[in-house]
Structures are given as C-alpha cells and as structure tokens.
Amino acid sequence: MMRILFVCLGNICRSPTAQGVFEHLVAQAGLSEQIDVDSAGTSACHVGEPPDRRAIEAASRRGYRLSHIRSRHVEAADFECFDLILAMDKANLQALLSCCPVSFQDKVRLFLDYEGSVQDEVPDPYYGGKGGFEAVLDLIEDASLALLSSLKPTLEGAA
Ligand code: 4NP
C-alpha cells in the first residue's frame, strides 16, 4: 500500500479538493487497494469541519465527492506513516519541513512539482471569489494525473 497525504493550511479548501480528485483518479484506475489518500492542515483552525461549501460545490460540478472529508491537523505520526506528503504551497512546505524529522524530509514536496508547469503553488482560494476554486481544480486535476503516472512504475514493480 502506498500512502499519499495532501496538505494545505486549513484542510478545508485545497487539500480536501486534492484528496477528492486523486481518490477519484485512483478508483478509476482500479488502484484503490494499492493507494491510500488522505489530507490534513498545518493549522488546526478548522479541525472537525467539512470542506468549504464552495470547494464542495466546485468539485461536485466536475464529478468529485468531498463530503466524507473532515479537517484534521497534521500530526507527528504522518511523517512516518505516509510515503509522500504533498504541500499546496511553499508556506505549507516550510511549515511541514520545520516539524518533520530529518530522516523523513525527502517525503515532503510541493504537489505542483509533479506537473512541471510554470506555476509551482496552488493559490489559497479562501478569501477570493468562485473563480479561485475553479483555478484550484484546474491545477489539481493536472498535477493529480502527473502524480498518478509517476507512481505507476513503482506500483507495477511492487505487483
Ligand atoms: P486551505 O484554505 O488552506 O486551502 O484549506 C484556507 C482555509 C482557511 C483559511 C485560510 C486558507 N483561514 O484563514 O481560515
């Protein structure tokens, strides 16, 4: 089992969206038994809450379900338990690295590194309009496809 954790600040907008999109792709590829997907926040401000209503609605319009997700705080055990810990932006990457044991730091990366696009961060849509959530989905869909392709050789090697 390969375990992937998506991380943003509040775990109510970007990282639950990434979780929902990636879970959808993993299921479509028939890999749900091989890849476990979760998300968490570097802030504990929204712990226990469902994703932001705007994130749920934008994702739902593209066929992704986020309603099962509840915000949780990143915890020390995550660095050991997950194989990849993917931050939505540089501030959250730094927040993760600042509390990650040195031996696990190579698990922690920027999610958009997989896409190789001009943009390297998924911008925070929380204080903006609806367009921000569409832009987040566009970036997350592209990076999720790239991430899944990058994992396939490892999964095939393990099978
Ligand atoms: P997220 O968005 O990190 O993508 O979940 C945010 C959610 C809440 C806040 C900021 C960003 N906040 O300041 O409460």
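Please read these numbers as outputs of a predicted model, since none were measured by experiment. When a ligand or atom number is given, it counts from 1 through the structure's own listing order.
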Task: Ion pair R62/D138, N-O distance below 4.0 Å - done: yes

Task: Nearest protein heavy atom with distance in Å, relative to atom 13 (O) of ligand 1 - done: Y127 OH, 3.1 Å

TODO: Answer yes or no: is there an ion pair linking E156 with K152, defined by an N-O contact shorter than 4.0 Å?
DONE: no

Task: Residue of the set I140, L5, D38 for which side-chain contact (heavy atoms from CB on, under 4.5 Å) holds with Q19 - done: D38

Task: atom 1 (P) of ligand 1 [closest protein heavy-atom partner, distance rounded to 0.1 Å] - done: C8 SG, 3.5 Å

- [ ] Just need the protein heavy atom nearest to atom 9 (C) of ligand 1, so name the residue and atom and give the distance.
- [x] Y126 CD2, 3.5 Å

Task: Element-labelled atoms of ligand 1 that are located less than 4.0 Å from some non-hydrogen atom of G10 - done: 1 (P), 3 (O), 5 (O)

- [ ] Could you tell me which atoms of ligand 1, counted from 1 in the order shown, lie closer than 4.0 angstrom to a heavy atom of I12?
- [x] 5 (O), 7 (C), 8 (C)

Task: ligand 1 contact on N92 by region, counting heavy-atom pairs under 4.0 Å - done: neither

Open item on the list: Taking A40's backbone N and O only, do any of them form a donor-acceptor pair with H73's side chain (distance below 3.5 Å, no angle check)?
Closed with: no

Task: atom 8 (C) of ligand 1: the protein heavy-atom neighbour that sits closest, reported with distance to 0.1 Å - done: H46 NE2, 3.5 Å

Task: Distance from atom 11 (C) of ligand 1 to nearest protein heavy atom, with residue and atom - done: D124 OD2, 3.1 Å

Open item on the list: C13 versus ligand 1: do any nitrogen or oxygen atoms come within less than 3.5 Å of each other?
Closed with: yes

Open item on the list: When you measure from the centre of the six-membered ring of Y126, is the NZ or CZ of R14 closer than 6.0 Å and no more than 45° off the axis?
Closed with: no

Open item on the list: Check R65 with E23, please: is the shortest side-chain N to carboxylate O separation under 4.0 Å?
Closed with: no

Task: NZ/NE/NH1/NH2 to OD/OE distance under 4.0 Å, K107 and E80 - done: no

